[in-house]
Amino acid sequence: MATDTLKSTPGARGGAAGGLRRLLLDNGALTALIVLVIAMSALSGDFLTADNLLNVGVQAAVTAILAFGVTFVIVSAGIDLSVGSVAALSATVLAWSATEAGIPVVLAVVLAVATGIVCGLVNGFLVSYGKLPPFIATLAMLSVARGLSLVISQGSPIAFPDSVSHLGDTLGGWLPVPVLVMVVMGLLTAFVLGRTYIGRSMYAIGGNEEAARLSGLRVKKQKLAIYAFSGLFAAAAGIVLASRLASAQPQAAQGYELDAIAAVVIGGASLAGGTGKASGTLIGALILAVLRNGLNLLSVSAFWQQVVIGVVIALAVLFDTVRRKAGATAPAAGASGGGKGKQALTYVIAAVVAVAVVGATSLLHNGSSAADRPKIGLSLSTLNNPFFVQIRDGAEEEAMKLGVDLTVTDAQNDASQQANQLQNFTSGSLSAVVVNPVDSDAAGPSVRGANQAGIPVIAVDRGVNEADTSALVASDNVEGGALGAKALAEKLGGKGTIVILQGQAGTSASRERGAGFAEGLKDYPGIKVVAKQPADFDRTKGLDVMTNLLQAHPDIDGVFAENDEMALGAIKALGSKAGKSVQVVGFDGTPDGLKAVRAGTLYASVAQQPSELGRIAVRNALRAVEGEKVEKMVKVPVKVVTKENVAGFEG
């Protein structure tokens with residue numbers, strides 16, 4: 001009794017402040033979220049707006065739904081690395097069934113959900129009966145599901161049925177449906193974990209699997225159900241994601257499994273199993289969404305954003321570890337009503353504190369005059385490619401010259417991430433947006449949002465479908481592919497065998513360049529294509545794929561690569577053959593590509609003058625802001641650059 005008295009004394013002396021401190025310490029993820037919201041509100045006047053806060057909710061939705069499913073697995077001491085791929089596969093199955101196969105939409109939705117559940121059951125079977133470690137079993141499913149998605153779609157996005165695409169819309173013109181789906185799935189997760197037999201079984205298995213088995217639990221069957229739940233939630237997330245993009249992208253949700261796992265762990269779950277709750281997972285997903293949203297609004301470099309997010313994840317988990325060692329208590333599974341009432345009180349107090357402090361910090365932005373300099377956002381499909389780096393450099397050079405503030409984001413070849421970035425641009429104080437779409441169809445809904453907000457949009461390199469752009473600044477990928485075919489065929493004298501290195505499946509650049517090359521090659525019947533393989537626009541993959549192809553086709557005469565990076569990888573694989581017995585043609589006219597042209601190892605590159613694309617895009621964006629007339633189509637000529645004319649070429 002004396003000990004109890006001593007323990008309670010500091011709390012009594014601390015009064016309300018001590019109680020609040022204890023409540024915050026007992027909820028490390030919630031504390032981190034409050035701090036982030038306060039910080040972002042203080043640093044950016046665009047953060048604390050109704051539109052932007054709804055954007056945060058929409059951007060958290062897919063990660064949260066995936067994470068709810070992963071919560072079941074992690075609570076039971078497992079892991080599921082396949083949820084991102086299963087989400088893409090389920091969406092692809094729905095789109096293909098409803099469009100290509102002509103199946104009624106309702107049945108197509110059922111088939112998509114069944115696909116997710118079956119993938120989960122396969123994972124559960126491999127773990128329970130096949131005795132595979134969860135990491136290995138789900139890693140295999142990650143590859144299988146992604147591959148099936150590409151096989152079904154043939155690497156191209158499939159238009160989503162209009163009736164299902166409404167899941168990406170808003171109710172009453174302001175409430176996003178993805179947020180409602182997220183809330184419903186969160187409530188379902190909380191119910192399963194706290195009110196059902198299988199939920200209690202998850203905690204028991206995660207706490208001590210052997211003890212759970214000895215106590216009479218059918219652990220193997222329970223694990224089948226647990227992974228089936230994860231597959232079900234992955235299917236739901238895939239449908240919501242595809243609805244937002246109005247198309248099923250075979251490469252969608254890449255890396256989302258890591259975000260889902262991070263959200264669960266940030267929310268207080270232990271990878272060792274036995275702990276975790278739906279509310280914590282939701283908070284973890286919101287932390288990631290607030291971070292990405294805020295960093296976009298603050299114009300933080302796309303490369304530094306990855307560093308910051310990684311550091312914050314580590315700090316959030318470290319904070320949770322420290323508070324546990326300090327004696328902060330976490331509510332046990334199936335806690336009594338009093339414990340739940342205390343938890344509810346925690347969230348109420350946290351909300352009051354957050355609103356009060358955020359309201360105070362928002363006063364920092366009241367009365368401040370808008371900057372005179374126009375602000376333009378540039379969303380690039382990727383910065384992991386010299387071609388797009390050159391577009392950025394040209395845009396930044398022109399922005400500096402014209403006195404424009406330019407914010408650059410990197411979508412990392414992820415259409416859904418680009419959709420988030422465009423939404424952030426729309427809700428901010430930008431004057432115009434320049435977008436280089438990952439996919440022309442997927443960018444449509446977000447650009448339509450900018451249209452509704454009255455923000456002019458300039459498309460660069462690739463167009464945007466089903467939306468209004470003030471201008472398209474581009475060279476013709478199809479024409480460039482045809483020019484590449486002509487250059488290679490004429491160099492080979494109109495006969496020989498060649499291989500084609502394709503870009504990332506599902507991207508419009510790869511489709512268009514490949515189509516142009518195939519069309520151009522029709523004029524040279526003596527040229528035979530003996531192999532086509534994707535190397536994802538990547539130099540290392542270009543090296544590996546070319547090395548493999550040479551084993552089956554050692555006597556080829558030529559190579560066409562859909563960008564210079566893959567061409568340079570192919571040159572490395574060819575060694576002394578490059579530029580002598582084997583002619584290689586690339587695409588883009590990057591600095592390294594032109595260097596190889598000068599050296600004679602790369603015969604030619606179809607150059608698009610990317611720096612000029614960036615300069616013209618910014619110039620036209622400023623004209624649109626100032627109300628000047630802008631041409632709808634601005635063509636930047638492509639040019640085949642060989643050793644003969646490379647000296648006078650400027651990209």
For Gln222, check side-chain hydrogen bond (donor to acceptor under 3.5 Å, both in side chains) against everything at least two apart and list the hits.
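Counting only residues at least two positions away or on another chain, Gln222 forms no side-chain hydrogen bond (donor to acceptor under 3.5 Å, both in side chains).
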Residues in side-chain hydrogen bond (donor to acceptor under 3.5 Å, both in side chains) contact with Thr71, at least two apart in sequence or another chain
Thr281
Just by distance, do the side chain of [X] and the backbone of [Y] share a donor-acceptor pair under 3.5 Å?
{"X": "Asp588", "Y": "Asn563", "answer": "no"}
{"X": "Gln418", "Y": "Val438", "answer": "yes"}
{"X": "Ser153", "Y": "Gly155", "answer": "yes"}

What do you reckon, is NZ of Lys635 surrounded by more than 12 foreign heavy atoms closer than 6.0 Å?
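Above 12, so yes.
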Is it true that atom CG of Asp544 has more than 12 heavy atoms of other residues, nucleotides or ligands lying nearer than 6.0 Å?
yes
Between Phe72 and Phe233, what is the ring plane arrangement, given parallel below 30°, perpendicular above 60°, and tilted in between?
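Phe72 and Phe233: perpendicular rings.
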Value rounded to 0.5 Å, distance of OG1 in Thr49 from CG in Leu54
8.5 Å
Spatial distance of atom CG (Asp46) from atom CG (Asn296) [nearest 0.5 Å]
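These two atoms lie 11.5 Å from each other.
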Sorted by chain and number, sequence neighbours left out, salt bridge (Lys or Arg N to Asp or Glu O under 4.0 Å) with Asp51 holds for none
Between Gln502 and Ser510, a side-chain donor and acceptor under 3.5 Å
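No, no side-chain donor-acceptor pair sits under 3.5 Å.
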Going by the salt bridge (Lys or Arg N to Asp or Glu O under 4.0 Å) test, which pairs reach into residues 448-464, not counting sequence neighbours?
none
Quick one: side chains of residues 84-91, donor-acceptor pairs under 3.5 Å with protein atoms, not counting sequence neighbours, listed by atom name and distance.
residue: Ser85; atom: OG; partner: Leu142; partner atom: O; Å: 2.9
residue: Ser90; atom: OG; partner: Val86; partner atom: O; Å: 2.9
residue: Ser90; atom: OG; partner: Ala112; partner atom: O; Å: 3.4

Sequence neighbours excluded - ring-ring contact (aromatic ring centres under 6.0 Å, His included) pairs with any residue from residues 78-123:
none
